[in-house]
2 protein chains.
Amino acid sequence: MASMPTVTDVALAAGVSRQTVSNVMNSPGIVRADTRERVQAAIAQLGYRPHASARRLRTRRSSTIGIRLDPMIDGISGSVLDRFLHALTEQADKQGLRVLLFTATSPEDEITQLQRLNDGADVDGFVLTSTFAGDPRTKWLIENGISFVTFGRPWGTNDMNDPQHLWVDVDGWAGLHEATRAAQDGGARRIGYIGWPSPSGTGEDRRRGWRDAMLERGDVTEDDLALLEVVCEDGVAQGTAAMQELRRTAGTLDAVLCASDSLALGAMIANPERVPVTGYDNTPVAAAIGLSSVDQSVDEVAAGVLELLTGEFSGHVQGAPESDEPRHRMVKPRLVVREFAAIPMDVPGRATA
Amino acid sequence: MASMPTVTDVALAAGVSRQTVSNVMNSPGIVRADTRERVQAAIAQLGYRPHASARRLRTRRSSTIGIRLDPMIDGISGSVLDRFLHALTEQADKQGLRVLLFTATSPEDEITQLQRLNDGADVDGFVLTSTFAGDPRTKWLIENGISFVTFGRPWGTNDMNDPQHLWVDVDGWAGLHEATRAAQDGGARRIGYIGWPSPSGTGEDRRRGWRDAMLERGDVTEDDLALLEVVCEDGVAQGTAAMQELRRTAGTLDAVLCASDSLALGAMIANPERVPVTGYDNTPVAAAIGLSSVDQSVDEVAAGVLELLTGEFSGHVQGAPESDEPRHRMVKPRLVVREFAAIPMDVPGRATA
DNA sequence: AAAAAACATTTGATCGATCAAATAAAATCA
DNA sequence: TGATTTTATTTGATCGATCAAATGTTTTTT
């Protein structure tokens, strides 16, 4: 296999100069139409492909974004990040961007990695996931003037409309609000909620979606609402325990909403009356079991992240021009309703004869 | 922020030439100890980081491996590939290799992507997953002399010991054999198996592990064995149906092994007698539910892939020197035994009072 | 002690592309 | 028509590192 042709080879074949070839690829507008066609023909004929590293060396940009691959802490919910990663890779590809992975063992280690990739001109910017209040990574990136966008709003100090950095997030409030409404429209009055303990920005956001929808409708009193809510850490076993408690405290239960699919799966297990359970994240498990779930629309999140990273702010807030362009994207999740009966709960009493 | 220092800056600071700095980084052995230390001190002091693209342009290698991110077809089992991806990224990092992602919509499209990344000198080689018999990708890569290793042995035509390409795989036979032995050692005699229909190299491999272990022990006859086996497509619902059938045909059942965690989860649902069920892949779901499962040791697979990719064959078989070095790695999975009782199967009859 | 060999370091060229500035060609104006 | 602007294309320099070969040092050999 002969070595790859270069711009010079193409230029020679098309009877033009190197730079014209370069222009055809980068600013086709300034090249006369007939010249352009001639060059494009030569490119096609020789099978020319630009050498990515050479271009990066000269332009000082890599057309690559870095993202940390999390060590699946919670395996079930972790799949949201995987889906996001897939969507991001796919859409980045369409814009000529590449996605480079890295791993880290701690936020501090992650900063070391960020620095390494940035200094080595390996990436133009980063996408941060699983951010938390007082995250040292965002602080470091801002201080060093590096482009980045987070998947997850800055919980805590910042005003949402004047953030220190660009972000995209999913509106958990709207998701739970919609799920509650859907249950109510289906005739449910007493709708329970299994959520996470404080402090959890995400958890509180989702919880309020349920709470607000319940109070708006006015089917239950505030006091009653307290009995319809159980708080526990995330996990299947925890969900089962929470469901058992809910059935004890709540009295009648027409439906149950959960802050995650893990909890929902757990709740399902202690659910002999087949009370409709709705989860969050629309993970494969929910699909397999036939649980309704709130889907995070990772495609829209990925699109938003790329827009902010390559758009007007190009990944920065500091030093960016005055602009009315919003500095974040709030993505509305969508409720996926499933037929609950999909899971044949076989029990001793009715075991196959 | 001042622009990054270059080799020349370091050379100036250390009072040596560019090349010596380069040598300190790439062949430290040929630099005298005291010079080396002086250079290293300058590197540390200036915070020098080599410019990855410049290096790649000159050396004509990218220190990057490409891997396609699959569009999670089967969400549950898909997590094995995610874990593999994580392990690969982590270990590649330690060797100074980066992992670049890409997506594709079909094997043909994937070939286009492979070509693009290879021609653009973006990657040195590829890791292929989810290979199948007659895979056009392996054919294309071999024809074009591009480095690659597959996760998955070449099912079908090739002799395992004289393959056309390098591969790493997990020994499904050994996994099921061990799982069967473990059940037998626990006193089980009649051990059922829920597997996949032919033709499936992987499925047949696992099935034989169970079959061989059963016959070796001689607790059941060949005829009996046929009654202990059910075949169905992968999926939770399918697993449930298969379990119901197994309970009908098998008579007594001391344990059930499944070809996947999806099937195992399904089997669990139709399992009022709490017959021990073992899955395959050790997915988060298995962990959450408390199922025993065969773990694919993705760390070892990742290590094997990198060894083959960077080792003696450097990702090629064709044109490689005669060598006794094995051209594949067969990784032994390990059985993860879990307490079955972890899942509180609440049923109407014994619902909380 | 001079010659040869081994080791250590430096210099100039190069990888493939794009930038910035210079030149050539075409279009517009006086 | 000749001067001026606009548009199209080319040339030389450069990004930051490593290669190949040359030069300078030290060690070994005879």
Side-chain angles (χ1 to χ4, degrees), chain A residues 2-40 42-43 46-64 96 116-124, chain B residues 2-40 42-43 46-64 96 116-124:
Chain A
S3 70
M4 290 302 298
T6 72
V7 265
T8 310
D9 298 320
V10 176
L12 222 59
V16 296
S17 71
R18 302 188 309 277
Q19 187 60 40
T20 301
V21 177
S22 174
N23 288 337
V24 168
M25 314 208 73
N26 301 301
S27 357
I30 70 166
V31 180
R32 216 173 46 203
D34 60 329
T35 317
R36 187 169 53 225
E37 277 163 30
R38 201 148 32 93
V39 171
Q40 268 158 350
I43 288 175
L46 295 179
Y48 166 78
R49 301 269 158 203
H51 191 291
S53 291
R55 169 180 285 169
R56 291 205 274 262
L57 171 59
R58 192 63 182 95
T59 61
R60 312 186 122 283
R61 77 176 70 124
S62 63
S63 299
T64 303
R116 203 167 53 85
L117 291 171
N118 183 67
D119 290 353
D122 275 309
V123 303
D124 289 335
Chain B
S3 69
M4 290 300 299
T6 71
V7 264
T8 310
D9 298 321
V10 175
L12 222 58
V16 296
S17 70
R18 303 189 307 279
Q19 187 60 40
T20 301
V21 177
S22 174
N23 287 337
V24 168
M25 314 207 74
N26 300 300
S27 355
I30 69 165
V31 180
R32 217 173 45 203
D34 60 328
T35 318
R36 187 168 54 226
E37 278 163 29
R38 201 147 33 92
V39 172
Q40 268 156 350
I43 288 175
L46 296 179
Y48 166 78
R49 301 273 156 201
H51 190 290
S53 291
R55 170 180 283 168
R56 289 201 277 254
L57 171 58
R58 190 65 245 238
T59 60
R60 314 186 120 284
R61 75 178 65 142
S62 64
S63 299
T64 302
R116 204 168 52 86
L117 291 172
N118 184 67
D119 289 353
D122 274 310
V123 302
D124 288 336

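These numbers were taken from a predicted model, which means no experiment stands behind them. Atom set for the values below is all heavy atoms of this structure, side chains included, hydrogens, waters and symmetry mates excluded.
Using a 4.0 Å heavy-atom criterion, one finds that Thr35(B) contacts the sugar-phosphate atoms exclusively. Here Thr6(B) lies in heavy-atom contact (under 4.0 Å) with sugar-phosphate atoms only. Residue-level contact check: Ser53(A) touches neither bases nor backbone, having no heavy atom under 4.0 Å from any strand. Counting non-hydrogen atoms under 4.0 angstrom, Val21(A) reaches nothing in the nucleic acid. The residue Arg49(B) sits close only to the backbone: its heavy atoms come under 4.0 Å of sugar-phosphate atoms, none of a base. In this structure, Thr59(B) reaches the sugar-phosphate backbone alone: every heavy-atom distance under 4.0 Å involves primed, P, OP1 or OP2 atoms, never a base.
Residues Asp9(A) and Thr6(A) meet the side-chain proximity criterion, which asks for heavy atoms closer than 4.5 Å. At a threshold of 4.5 Å between non-hydrogen side-chain atoms, the residues Val39(B) and Arg36(B) do not count as touching.
Under 4.0 angstrom from either OP1 or OP2 of dT11(D) there lies no side-chain N or O belonging to Ser17(A). Side-chain nitrogen and oxygen atoms of Asn23(A) include none within less than 4.0 Å of the OP1 or OP2 phosphate oxygen of dT9(D). One finds a side-chain N or O of Thr20(A) lying less than 4.0 angstrom from the OP1 or OP2 phosphate oxygen of dT10(D).
Summarising the geometry, the separation between CZ on Arg61(A) and P on dC19(C) is reported as 8 Å, rounded to the nearest angstrom. Atom-to-atom, CG of Leu57(A) to C1' of dC15(C) comes out at 9 Å; the value is rounded to the nearest Å. Atom-to-atom, NE2 of His51(A) to P of dT14(C) comes out at 17 Å; the value is rounded to the nearest Å. Between the CG atom of Leu12(B) and the P atom of dG16(D) there is a distance of 15 Å, rounded to whole Å. Whole-Å rounding puts the Arg32(A) CZ to dA27(C) C1' distance at 12 Å. At whole-Å resolution of the value, CZ in Arg18(A) and P in dG12(D) are 9 Å apart. Rounded to an integer number of Å, the gap from CD of Gln19(A) to P of dA8(D) is 15 Å. Distance, Asp9(B) CG to dA17(D) C1': 13 Å, rounded to whole Å.
Residue Val31(A) comes nearest to Asn23(A) through the heavy atom pair CG2-CB, 3.6 Å, listed as atom of the first residue, atom of the second, then distance.
Rounding to the nearest 0.5 angstrom, the gap separating the OG atom in Ser53(A) from the CZ atom in Arg61(B) is 12.5 Å. Here the CD atom belonging to Gln40(B) is positioned 8.5 Å from the CE atom belonging to Met25(B), to the nearest 0.5 angstrom.
Look at Asp122(B) and Arg56(A) and you find a salt bridge, because one of the NZ, NE, NH1 or NH2 atoms lies within 4.0 Å of a carboxylate O, short of that distance.
Looking at the side chain of Tyr48(B), the nearest of the listed nucleotides dA17(D), dT18(D), dT9(C) is dA17(D). Looking at the side chain of Ser22(B), the nearest of the listed nucleotides dT18(D), dT9(D), dT10(C) is dT18(D).
Heavy-atom nearest nucleotides on DNA chain C were determined for Val16(B) and for Pro5(A), and the one closer to the 5' end corresponds to Val16(B).
For dT18(D), the base has no donor-acceptor partner in the side chain of Arg55(B) [N/O atoms by modelled type, under 3.5 angstrom].
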